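These numbers come from a predicted model, not from an experiment.
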Amino acid sequence: QVQLMESGGGSVQAGGSLRLSCAYSGYISSTQCMGWFRQAPGKKRDGVAVMLAGGGSTDYADSVKGRFTISRDNAKNTIYLQMNTLKPEDTAMYYCAAARDHNWSCRLRLGEYNYWGQGTQVTVSS
């Protein structure tokens, strides 16, 4: 059974940076997708950034392109989300997710992800 645990959230001012981490246990192969989603109060959960656990096939939401970077350290069973130039509209609960099915192309589609962490809060003040 795959388990995911996020960390690294917090409160920052606009223009600041945070790095989120997602440590996972259980087996995830290189051809399974992992990534980050977020949900602001009163809004639906949306994809932020995804990638293959083995690397490659990254995809980003348009709103974060050029500011956020997803990466992974397989030796540590951890994926990261480096968030730079944060904006108040980035405020949300951020969730780590992993897909059960194997794929060669990762997409920001909520329904394709089966395993979820409990989330870490990111708050950006203006």
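Under the 4.5 Å side-chain heavy-atom criterion for ILVMFWY residues, no single connected hydrophobic cluster contains both L108 and Y115. Connection of L20 to M34 is established within a shared hydrophobic cluster, with ILVMFWY side chains joined at heavy-atom distances below 4.5 Å, either directly or through further cluster members. Cluster annotation: V12 is connected to M83 through the hydrophobic network of ILVMFWY side chains, with a link wherever side-chain heavy atoms come within less than 4.5 Å. Note: the hydrophobic cluster containing V48 does not contain Y95 (ILVMFWY, side chain heavy atoms under 4.5 Å, direct or indirect links). Note on L52: it does not cluster hydrophobically with I70, by side-chain heavy-atom contacts below 4.5 Å among ILVMFWY residues.
Between E6 and C96, the closest heavy-atom pair is OE2-N, 2.8 Å. Between M93 and G119, the shortest heavy-atom contact is SD-C, 3.7 Å. In terms of heavy-atom proximity, S105 sits nearest to S57 at CA-OG, 3.2 Å. Minimum interatomic distance between S126 and A14 (heavy atoms only, all atoms of both residues): CA-CB, 4.3 Å. Of all the heavy atoms in G47 and A61, the pair that sits closest is O-CB, 3.4 Å.
Contact annotation: the side chain of M51 never approaches that of W36 to less than 4.5 Å [non-hydrogen atoms, C-beta and beyond]. Side-chain contact between V2 and I28: present, with at least one pair of heavy atoms (C-beta onward) separated by less than 4.5 Å. Side-chain contact between R38 and D90 is present, with heavy atoms from C-beta onward closer than 4.5 Å. Here the side chains of R67 and K87 are in contact, with some heavy-atom distance below 4.5 Å. A heavy-atom distance below 4.5 Å is found between the side chains of S25 and Q3. Residues Q82 and S71 are not in side-chain contact: their nearest non-hydrogen atoms beyond the backbone lie 4.5 Å or more apart.
Taking the six-membered ring where tryptophan is involved, the planes of F68 and Y94 are tilted, since the angle between them lies from 30° to 60°.
In this structure, the side chain of E112 does not engage the main chain of R109 through any donor-acceptor pair within 3.5 Å. Between the T120 side chain and the G9 main chain, a donor and an acceptor come within less than 3.5 Å of each other. Within the 3.5 Å criterion, the main-chain N or O of R100 finds a donor-acceptor partner in the side chain of N114.
A cation-pi geometry, defined here as NZ or CZ lying under 6.0 Å from the six-membered ring centre and within 45° of its normal, does not hold between R72 and Y80.
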Item to check | side-chain contact (heavy atoms from CB on, under 4.5 Å) evaluation trace for N103 with T31 | outcome: CA-CA 6 Å; N103 211 328; T31 55; over 6 Å; no
Item to check | side-chain contact (heavy atoms from CB on, under 4.5 Å) evaluation trace for C22 with M5 | outcome: CA-CA 5 Å; C22 172; M5 181 173 293; over 6 Å; no
Checklist entry - side-chain contact (heavy atoms from CB on, under 4.5 Å) between Q121 and T91: does it pass, once the steps are laid out? => result CA-CA 8 Å; Q121 178 69 37; T91 295; 4.0 Å; yes
Item to check | Intermediate values then yes/no, side-chain contact (heavy atoms from CB on, under 4.5 Å), V50 and Y60 | outcome: CA-CA 7 Å; V50 293; Y60 293 89; over 6 Å; no
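Taking 4.0 Å as the cut-off between side-chain N and carboxylate O, K65 and D62 count as a salt-bridged pair.
Between Y113 and F37, the distance separating the two ring centers is shorter than 6.0 angstrom.
Side-chain contact, T78 with D73: no donor N or O sits under 3.5 Å from an acceptor N or O.
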